[in-house]
Number of protein chains: 2
Amino acid sequence: MADDKFQKECKKNIMAVHDAMDVLNGKWKISIVASLCYYHKRRFSEILKDLNGISNKMLSKELKDLEINKLIRRTVLDTHPITVQYELTEYGQKLQSVIRDLTDWGAEHRKEIIGK
Amino acid sequence: MADDKFQKECKKNIMAVHDAMDVLNGKWKISIVASLCYYHKRRFSEILKDLNGISNKMLSKELKDLEINKLIRRTVLDTHPITVQYELTEYGQKLQSVIRDLTDWGAEHRKEIIGK
DNA sequence: CTGTATCCGAGATGATACTG
DNA sequence: CAGTATCATCTCGGATACAG
C-alpha cells in the first residue's frame, strides 16, 4: 500500500543522512569544509587559525579523513619552506548548499542564544 | 580594504557553521532530526527503529539535548501504556533544508561508495 | 611550515538489566 | 512503552615535544 511506500522512502532518506554524517563526523570536519567552501583555497596554518581551538594534530587527522573520502584535494606547493594547499574537490563542492544552509541557521541560532 | 571585509565575512560564516554544529554534535542528532523531519511525528520506539544501531540510552540522551536546545518538542500522550511523541519545533523545522540537502548528498555518496 | 609521535584524561557510546 | 541505572569500552581530542 501507499503507506508502505512512504515508510520505505523515509527509511531510505534517514539512511542517506546517516551515511552523509558518517563521512562528516567529528567535531571539526564540517567546519573545515566550510572554511574551504568560503575561501576556496586555504593552507594548513590558515585553516588552523580559521577554526578556533583545533589542534594541529586534529586538523591533520581530519584533513586526512576528508582527503580519503575524496572531499578535498591536497596540493604541495613548491615553495621554501613547503606550503600545502587544500581545496574542495568537485565532489566536495556539492556540499556547498549544505554549508550555506548551516551558515544561515547557525547565524540565527547564535542570535537566539545571545538573546537570552 | 575590501579584502579585510571578505576575511571578516568568511570568519563569521565559519563561526556560524561551528555554532550550528555545536548543537548538532554527536553521532546521532542529525539523524534524529532527519527522522522527525520526514515523519513529522514519531514515538520513542519508532525512532529507535529508524536509526540502525542506536541504544535506548543514547536516544534518550540525544532527545533530551535536542529538547533543551528547543529543536524538538516532547509530548506525553494519555494512552495505556504511556506513549511519547516527538516532533520538530518551528525552530527545528528551519533545519529542513539542511536535512534535504544532506539527504541528497548522502544518497549520491552511497552510490559512489557502493560503486567501488 | 606542515606535519608526526606520544601520553593522557574526559566524555561518548554500547550492552544489559531494571523500573513505573 | 519509555525510559534509567550501571558498568565497561573505546574513541576523541588536547598538550607537548619533536621531525623533515
Side-chain angles (χ1 to χ4, degrees), chain A residues 14-15 17-19 21-36 39 41-69 71-88, chain B residues 14-15 17-36 39-69 71-88:
Chain A
I14 294 168
M15 272 183 47
V17 171
H18 195 266
D19 288 343
M21 293 317 295
D22 240 29
V23 182
L24 299 170
N25 63 24
K27 193 175 171 181
W28 301 105
K29 287 207 184 68
I30 292 192
S31 295
I32 293 172
V33 173
S35 174
L36 296 178
Y39 281 113
K41 292 174 189 239
R42 204 74 176 141
R43 290 193 2 238
F44 187 87
S45 54
E46 292 174 328
I47 304 176
L48 210 52
K49 277 176 239 154
D50 290 340
L51 311 190
N52 227 300
I54 193 172
S55 65
N56 49 358
K57 171 186 149 188
M58 278 315 293
L59 179 55
S60 174
K61 176 186 162 290
E62 300 287 60
L63 285 170
K64 219 175 282 174
D65 286 352
L66 290 172
E67 198 192 352
I68 287 173
N69 282 299
L71 297 188
I72 66 176
R73 182 173 14 254
R74 178 179 181 274
T75 314
V76 179
L77 301 181
D78 193 16
T79 54
H80 301 276
I82 281 176
T83 54
V84 181
Q85 193 170 77
Y86 293 91
E87 59 192 320
L88 293 178
Chain B
I14 294 167
M15 270 184 48
V17 171
H18 196 266
D19 288 344
M21 293 317 294
D22 241 29
V23 183
L24 299 170
N25 63 22
K27 194 175 173 182
W28 301 104
K29 286 208 185 66
I30 294 192
S31 296
I32 292 172
V33 173
S35 174
L36 295 179
Y39 281 112
H40 305 300
K41 293 174 188 239
R42 203 78 176 140
R43 295 199 350 244
F44 187 87
S45 55
E46 292 173 328
I47 304 176
L48 210 52
K49 278 178 236 154
D50 289 341
L51 311 189
N52 227 301
I54 194 173
S55 66
N56 49 358
K57 172 185 150 189
M58 280 313 295
L59 180 55
S60 175
K61 175 186 165 287
E62 300 289 60
L63 285 171
K64 222 174 280 176
D65 286 352
L66 290 171
E67 197 191 353
I68 288 172
N69 282 300
L71 297 188
I72 66 177
R73 180 173 17 253
R74 177 178 182 276
T75 314
V76 179
L77 301 182
D78 192 17
T79 54
H80 299 278
I82 282 176
T83 54
V84 181
Q85 193 169 77
Y86 293 91
E87 61 193 316
L88 294 178

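Quick note on labels: first sequence line is chain A, next is B, and so on, each numbered from 1. Because only heavy atoms are used, hydrogens play no part in the values below, and waters and symmetry mates are left out as well, while side chains stay in.
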So [Y] and [X], do their side chains get closer than 4.5 Å, heavy atoms only?
{"X": "Y39(A)", "Y": "I14(B)", "result": "yes"}
{"X": "M21(B)", "Y": "I30(B)", "result": "yes"}
{"X": "R74(A)", "Y": "L63(A)", "result": "no"}
{"X": "I32(A)", "Y": "Y86(A)", "result": "no"}
{"X": "L24(A)", "Y": "N69(A)", "result": "no"}

Between [atom2] on [N] and [atom1] on [X], what's the gap in Å once rounded to a whole number?
{"X": "L63(A)", "N": "dG3(C)", "atom1": "CG", "atom2": "P", "value": "7 Å"}
{"X": "L51(A)", "N": "dG13(D)", "atom1": "CG", "atom2": "P", "value": "12 Å"}
{"X": "R42(B)", "N": "dG3(D)", "atom1": "CZ", "atom2": "C1'", "value": "18 Å"}
{"X": "K64(A)", "N": "dA5(C)", "atom1": "NZ", "atom2": "C1'", "value": "11 Å"}
{"X": "Q85(B)", "N": "dC1(D)", "atom1": "CD", "atom2": "C1'", "value": "14 Å"}
{"X": "R74(A)", "N": "dC1(C)", "atom1": "CZ", "atom2": "P", "value": "15 Å"}
{"X": "L59(A)", "N": "dT16(D)", "atom1": "CG", "atom2": "C1'", "value": "17 Å"}
{"X": "D78(B)", "N": "dA2(D)", "atom1": "CG", "atom2": "P", "value": "14 Å"}

Original post:
Has S45(A) got a side-chain N or O lying under 4.0 Å from the OP1 or OP2 atom of dT2(C)?
Top reply: yes
Original post:
Hey, does the side chain of Y86(B) come within less than 4.0 Å of dC1(D)'s phosphate (OP1/OP2), counting only N and O?
Top reply: no
**OP:** Would you check, one step at a time, whether the test side-chain contact (heavy atoms from CB on, under 4.5 Å) holds for E87(A) with L36(A)?
**Re:** CA-CA 6 Å; E87(A) 59 192 320; L36(A) 296 178; 5.5 Å; no
Original post:
Nearest to the side chain of S60(B) - dC1(C), dT4(D), dA2(D)?
Top reply: dT4(D)
Subject >> Heavy-atom protein contacts under 4.0 Å, nucleotides 8-20 of chain C, coded B base, S sugar-phosphate only, - none >> reply: -----BBBBB---
**OP:** Take V33(B) and V17(A) through the side-chain contact (heavy atoms from CB on, under 4.5 Å) test and state the conclusion after the steps.
**Re:** CA-CA 10 Å; V33(B) 173; V17(A) 171; over 6 Å; no
**OP:** List for me each residue that meets side-chain contact (heavy atoms from CB on, under 4.5 Å) alongside K29(A), sequence neighbours excluded, and say none if there are none.
**Re:** N25(A), E62(A), D65(A), L66(A)
**OP:** Show your working on side-chain contact (heavy atoms from CB on, under 4.5 Å) between I54(B) and I47(B) and close with a plain yes or no.
**Re:** CA-CA 9 Å; I54(B) 194 173; I47(B) 304 176; over 6 Å; no
**OP:** For the helix from dC1(C)-dG20(D) to dG20(C)-dC1(D), measure the angle between the helix axis at one end and the axis at the other, each built from five pairs, rounding to 10°.
**Re:** 50°
